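Take a look at the structure set out below.
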Amino acid sequence: MKLNNEKREIVFSTEMFVRQKLENDGSGHDWWHIYRVRNLALKIAETEGGDSFTVEMAALLHDIDDWKITGNSEQNQVKNWLNKLGTDEETSGNILEIIEQVSFKGAGVETIPSTPEAKIVQDADRLDAIGAIGIARTFAFGGSKGRLIYNPDIKPENHVDFEAYKKNNGPTINHFYEKLLLLKDRLNTVTARRIAEKRHQFMESFLEEFFREWHENREN
Ligand code: ADP
Ligand code: NI
């Protein structure tokens, strides 16, 4: 679907807004994460359908108000930005709803998006959480929060609600078992599932090698 000039302007200024906001993020949620998610989302939308303007806007704005970046404070930055742009109520509502539905909220929490656009953006965000890039982002996030790489005494947890997931302070390796390895079976679209296969395999190989080295010269 071709964007008209007005929509193109809106996307462009949103890109500038997000770029400037997340330029210096060191937690794996920097501008380039947004850039990759936007491109993946548009690629998925090409085969799966969905309104490409809504998909692109939601992908660009999906992490702006996220609790992992802003802390836990109440945030309305996306809403304010859309107001400033003057997007109509229905479009703004759709974009805000997608963003609300995208985020992972714990292994035990079902989060199935309600619209094709939300399914696509969630899949794109999840694809960027796995594979080689996912591994890099996860350790960047862990480092930014002062987490250990691994501690054999702390076991992964199955978080039954969002509050428990948010409180989690475990070592970064545990995040693979608490979230990353679960993602391939929680994707919404066939296109994303196909892209996920290689990425998932790569994480499995990484973990196998990590533990092989870990146990190489010791008993635990
Ligand atoms: P979501 O909102 O679905 O979690 P994001 O785009 O905000 O998706 O990115 C989440 C990424 O942040 C994870 O894939 C991981 O790289 C990192 N992350 C989040 N929580 C943790 C954690 N507890 N330990 C390590 N990395 C984490
Ligand atoms: Ni994201």
Side-chain angles (χ1 to χ4, degrees), residues 14 18-19 21-22 25-42 44 55-72 75 77-78 95-96 98-113 118-151 154-159 161-188 192 196 199-200 202-203 206-207 210:
T14 301
V18 175
R19 207 183 249 263
K21 281 257 170 227
L22 299 178
D25 174 277
S27 77
H29 296 84
D30 56 283
W31 158 250
W32 296 107
H33 161 63
I34 307 302
Y35 173 88
R36 292 187 302 267
V37 170
R38 184 264 303 267
N39 293 350
L40 274 167
L42 288 175
I44 299 169
V55 164
E56 185 162 16
M57 286 296 285
L60 284 171
L61 292 164
H62 83 273
D63 272 335
I64 288 291
D65 283 337
D66 193 282
W67 59 277
K68 292 188 287 311
I69 303 166
T70 60
N72 221 352
Q75 291 285 348
Q77 295 185 87
V78 174
I95 294 168
L96 288 164
I98 296 174
I99 294 170
E100 166 57 31
Q101 293 181 353
V102 162
S103 201
F104 187 84
K105 297 185 172 70
V109 188
E110 280 254 38
T111 40
I112 300 172
K119 289 185 168 125
I120 290 168
V121 179
Q122 187 184 67
D123 277 4
D125 194 30
R126 289 181 169 183
L127 285 174
D128 205 57
I130 63 176
I133 287 177
I135 294 170
R137 291 183 63 221
T138 304
F139 286 101
F141 184 92
S144 77
K145 300 279 175 203
R147 309 257 169 92
L148 288 184
I149 293 172
Y150 180 53
N151 176 351
I154 304 175
K155 299 294 167 217
E157 290 177 47
N158 182 350
H159 300 107
D161 60 44
F162 191 27
E163 286 311 310
Y165 178 66
K166 281 198 275 193
K167 273 199 217 113
N168 175 38
N169 241 333
T172 300
I173 285 286
N174 291 17
H175 194 63
F176 286 83
Y177 299 94
E178 291 163 351
K179 173 184 173 189
L180 306 181
L181 294 170
L182 311 176
L183 291 179
K184 83 165 173 36
D185 294 325
R186 297 188 182 201
L187 295 167
N188 309 295
R199 296 183 183 212
H200 183 86
F202 190 79
M203 287 194 298
F206 166 76
L207 289 168
F210 182 95

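Everything quoted here is computed from the prediction, not taken from an experiment. Just follow the structure's listing: the first ligand is 1, and inside any ligand the first atom is 1.
At a cut-off of 2.8 Å, measuring from the Ni ion (ligand 2), the protein N, O or S atoms that fall short of it are His33 NE2, His62 NE2, Asp63 OD2, Asp125 OD1, waters left aside.
More than 12 non-hydrogen atoms from other residues, nucleotides or ligands lie less than 6.0 angstrom from CG of Leu148.
Contact shell of ligand 1 (protein heavy atoms, cutoff 4.0 Å): His29, His33, His62, Asp63, Asp66, Lys68, Ser103, Phe104, Asp125, Ala129, Arg137, Thr138, Phe141, Arg147, Asn168, His175, Lys179, Leu180.
With hydrogens and angles ignored, the 3.5 Å screen pairs a side-chain donor or acceptor of Arg137 with a backbone N or O of Asp128. Of the possible polar contacts, one joining the Gln77 side chain to the Ile64 backbone as a donor-acceptor pair under 3.5 Å is found. Side-chain atoms of Glu157 do not come within 3.5 Å of backbone N or O of Ala164 as any donor-acceptor pair. In this structure, Asn151 contributes its side chain and Pro171 its backbone to no donor-acceptor pair below 3.5 Å.
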**OP:** Verify side chain to side chain donor-acceptor pair (under 3.5 Å) between Asp63 and His33, making sure each step is shown before the conclusion.
**Re:** CA-CA 10 Å; Asp63 272 335; His33 161 63; 3.0 Å; yes

**OP:** Could you give me the CA-CA distance, side-chain angles and deciding distance for Gln101 and Gln122, then say whether side chain to side chain contact (heavy atoms under 4.5 Å, CB included) is met?
**Re:** CA-CA 8 Å; Gln101 293 181 353; Gln122 187 184 67; 5.7 Å; no

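Under the 30°/60° scheme for interplanar angles, the aromatic rings of Phe210 and Phe206 are found to be tilted. Using a 30° and 60° split on the angle between ring planes, Phe141 and His29 fall in the perpendicular class, above 60°.
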